[in-house]
Undergrad: 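Before we start, here is the structure in question, set down as structure tokens.
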Amino acid sequence: MRKTSRFVAAIVAVTVAIAGFAAPASAEKKTEFKLAWSIYVGWMPWGWAADHGIVKKWADKYGIKIDVVQFNDYIESINQYTAGAYDAVTATNMDTLAIPAVGGVDTTALIVGDFSNGNDAVILKDKSKLSDIIGQKVNLVELSVSHYLLARALESIGKSEKDVTVVNTSDADMVAAWNTPDVSAVVTWNPLVAEIMATPKAHKVFDSSQIPGEIIDLTVVNTKTLHDNPNFGRALTGAWYETMAIMASDTPEGKEAREAMGKASETDLAGYEMQLASTKMFYQPAQGVEFAMSGSLHKTMDSVRKFLFAHGLLGQGAPSADVVGIAFPDGKVLGDKNNVKLRFTAAFMNEAAQAGK
Amino acid sequence: MHRRLINAYPSRGASLLLSALPFLLILLAYLAGSEARLAVNPNDKLLPAFSSIGAGFSRMAFEADKRTGDVLLWVDTAASLARLLAGLAIATVTAGLLGIAVGLLPYMRSTFSGFIAVVAMIPPLSVLPILFIIFGLGETAKVALIVIGITPMILRDMILRVEELPREIMVKAQTLGASTWQIALRVVVPQMLPRLIDSLRLSLGAAWLFLIAAEAIASQSGLGYRIFLLRRYLAMDVILPYVAWITLLAFLLDYGLRLLQARAFPWFVEGRKQR
């Protein structure tokens, strides 16, 4: 009898322990924070800033500790953030809406870092017009920004996804896939675009510079954590814009920074600068503020949420694209005002802009 | 005298209870974890409540998809099973025939055994780009990956089993005047068939692994495809029932093979019991 009760107690203990592990970090005042980032042209500054003590300098200024962790798998970093293991993550506007926001994690876009201005592209083999894509199999990472770019490209010639066949293909295998005779059309991002364009039969027929400002790279933070710990936001923007200033400068120090970021993303200075050329970086906080305040952000997010809704990504049984509310710095809300889960803010970027003056 | 642990058997009821216990524990842990997370965030996607898992399953299994009009679970299951069964069939036939030949004929053994031992050690997933060039990215490639993945294992097992056949049987058949061909057909093949089923059962796990890996690379349908696609959106309410469904299919396949073995080769199963 005693044995049995001890056994039950053990089970209960184990269960409670597992449950404790599984519970997400709840926000309150705290001093230690974690930022997850992954390799992409517009997010390389985070790795560099962490390696060069800039993040630590700003964290120390506010008496906090910020752990900057690099993920090899972009989606996994967002999933970990959504599950509550991280306080901040780097993500695109589309994935931020579809993963944490739809998953009920109220998220604030703290830094609008850049938008893709040619970094994402539709590439055809042996054909040179976008309309040649009709009826073809198109290899891309399904439900990613590539998929969104394809939808927008088809829209631009009055067609829709029904006119092509989408084949989900892992980004890790995209270049190898392109080199097989089966594959005649791909949509992907840099540096894969550059690698595929270097093959003889590749023709770029559409790229993100034709939908400027729609594929946005953000650094996002858990809204509650940010609300309870505004200094975390200040430390992040401080470190970010100090790094931006160095990176943008035409000095040996700036060049060294760009070269290091290139190396960290498996390319060199020339390769990284080529990727930067097709990325509209907001080097100054004021540029980020202006973009966040602009009316075009409404239009973009509306187009993005409609795409997500059409693909069933706004949650099961979502009656319309309005289920998740998106708030903008001017106070306007797109969708359900009582269920705002994605917030664009210019406040922290603005503070950084004022401080820099 | 104190009874040794190796001789202590649970009663029938206790045995049933004990076998259910690990499942119950997992279930309990899941429930507790899920509730803790949902209390903080009712939209949590990582450990959804059983009701959302049920809703996710019924959406995939009984409702037509908005975009394609297909009922996705069945389309995925049909696509995956077709690939898996084709891969298993090709691998079994190839490994069965080649295994008997290599195990039986010294010339074949000299030629192939070293080669097979080396090739079997190459992890197929590490040479994917080469496989793409040879087999493309379509259905052929997916079946080929399964075949390449599991054939060496079945093949090596077959060779060992043939070599294990008692020497006396071979000698006896020869004194009775049987030719190589007759020995292969009348002595070796009947002995090998039930063992081939054993080997196939053991390679089922690997076959599923390669199937799902193949579907993750480039695909338009399939159970592995769906899981990798939905992973992008942390849709555990669909992923978890898919995992349970795959487990069930794999279990049924294994059970079916065991049944086939018992029906078709009762002498083999009896012989094993007596050992």
Side-chain angles (χ1 to χ4, degrees), chain A residues 11-12 14-26 74-76 78-79 82-84 95 98-106 137 139 141-144 161-162 165-170 172-183 308 310-313 315-317 324 339 341, chain B residues 21 24-26 28-48 52 55-56 59-60 63 65-68 128-138 140-141 213 215-222 225-226 228-238:
Chain A
I11 291 175
V12 170
V14 167
T15 313
V16 168
I18 292 171
F21 259 118
S26 50
Y74 165 64
I75 286 297
E76 195 51 37
I78 303 179
N79 283 348
T82 306
D95 294 320
I99 309 174
V102 170
V105 177
D106 193 332
K137 274 189 183 170
N139 292 70
V141 178
E142 230 179 293
L143 308 182
S144 70
E161 259 188 84
K162 290 198 181 77
T165 309
V166 169
V167 182
N168 187 40
T169 306
S170 142
D173 299 306
M174 199 60 82
V175 178
W178 171 260
N179 287 317
T180 69
D182 290 2
V183 174
L308 292 176
H311 289 82
L313 296 176
Q316 54 176 309
V324 177
N339 188 34
K341 293 292 179 201
Chain B
L21 191 65
L24 279 176
L25 273 182
I26 294 273
L28 218 65
Y30 182 90
L31 260 179
S34 169
E35 275 196 14
R37 292 188 65 91
L38 288 170
V40 180
N41 171 13
N43 284 328
D44 181 59
K45 286 172 146 188
L46 189 71
L47 303 177
S52 2
R59 190 157 44 89
M60 299 308 279
E63 287 171 32
D65 181 55
K66 267 191 263 177
R67 267 202 307 157
T68 58
L128 275 179
I130 299 175
L131 299 183
F132 288 161
I133 298 295
I134 303 173
F135 298 108
L137 278 178
T140 324
E215 289 181 339
I217 292 157
S219 200
Q220 291 154 268
S221 61
Y225 157 82
R226 193 72 53 198
F228 273 86
L229 186 61
L230 293 174
R231 190 187 76 99
R232 265 195 94 80
Y233 286 97
L234 204 66
M236 299 309 288
D237 57 333
V238 176

Undergrad: Of the backbone (N, CA, C, O) and the side chain (C-beta and beyond), which part of Val183(A) lies under 4.5 Å from a heavy atom of chain B, both, or neither?
TA: side chain
Undergrad: Identify whether the distance between the nearest side-chain nitrogen and carboxylate oxygen of Arg226(B) and Glu215(B) falls below 4.0 Å.
TA: no
Undergrad: Which of the residues Ile133(B), Leu229(B), Leu128(B) is involved in the greatest number of heavy-atom pairs with chain A at under 4.5 angstrom?
TA: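 Among the listed options, the one with the most contacts to chain A is Leu229(B).
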Undergrad: Do the side chain of Asn41(B) and the main chain of Gly103(A) share a donor and acceptor less than 3.5 angstrom apart?
TA: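 Such a contact is found between Asn41(B) side chain and Gly103(A) backbone.
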Undergrad: Under 4.5 Å, counting heavy-atom pairs only, tell me which of Leu38(B), Asn43(B), Leu230(B), Ile134(B) racks up the most with chain A.
TA: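 Greatest number of close heavy-atom pairs with chain A: Asn43(B).
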Undergrad: Of the non-hydrogen atoms in Gly136(B) and Asp182(A), which two are nearest, and what is the gap between them?
TA: CA-OD2, 3.4 Å
Undergrad: Do Tyr233(B) and Ile75(A) have side chains that approach each other closer than 4.5 Å (heavy atoms only, starting at C-beta)?
TA: no
Undergrad: Counting only non-hydrogen atoms closer than 4.5 Å, does Ala172(A) touch chain B with its backbone (N, CA, C, O), its side chain (CB onward), both, or neither?
TA: neither
Undergrad: Please answer whether the main-chain N or O of Ala216(B) pairs with a side-chain N or O of Ser219(B) as donor and acceptor at a distance below 3.5 Å.
TA: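 No; zero donor-acceptor contacts below 3.5 Å.
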Undergrad: Heavy-atom pairs under 4.5 Å with chain B: which of Pro181(A), Pro100(A), Ala98(A) has the most?
TA: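 Ranked by heavy-atom pairs under 4.5 Å with chain B, first place is Ala98(A).
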Undergrad: Please check if the number of heavy atoms outside Leu24(B) that lie under 6.0 Å from its CG is greater than 12.
TA: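 It does: Leu24(B) CG has more than 12 such atoms within range.
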Undergrad: Which atoms of Lys162(A) come close to chain B, meaning under 4.5 Å heavy atom to heavy atom: side chain ones, backbone ones, both, or neither?
TA: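 It is neither, since no heavy atom gets under 4.5 Å.
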Undergrad: To check you understand the geometry: which heavy-atom pair defines the closest contact between Arg232(B) and Tyr74(A), and what is its length?
TA: NH2-CE2, 4.4 Å
Undergrad: Quick check on Leu143(A) against chain B: is it the side chain, the backbone, both or neither that has a heavy atom closer than 4.5 Å?
TA: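 Leu143(A) touches chain B through backbone and side-chain heavy atoms alike.
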Undergrad: In terms of heavy-atom proximity below 4.5 Å to chain B, should Ser144(A) be classed as side chain, backbone, both, or neither?
TA: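 Contact with chain B is through both the backbone and side chain of Ser144(A).
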Undergrad: If you count heavy-atom pairs under 4.5 Å between each of Asn179(A), Val175(A), Thr169(A), Asn168(A) and chain B, which one has the most?
TA: Asn168(A)
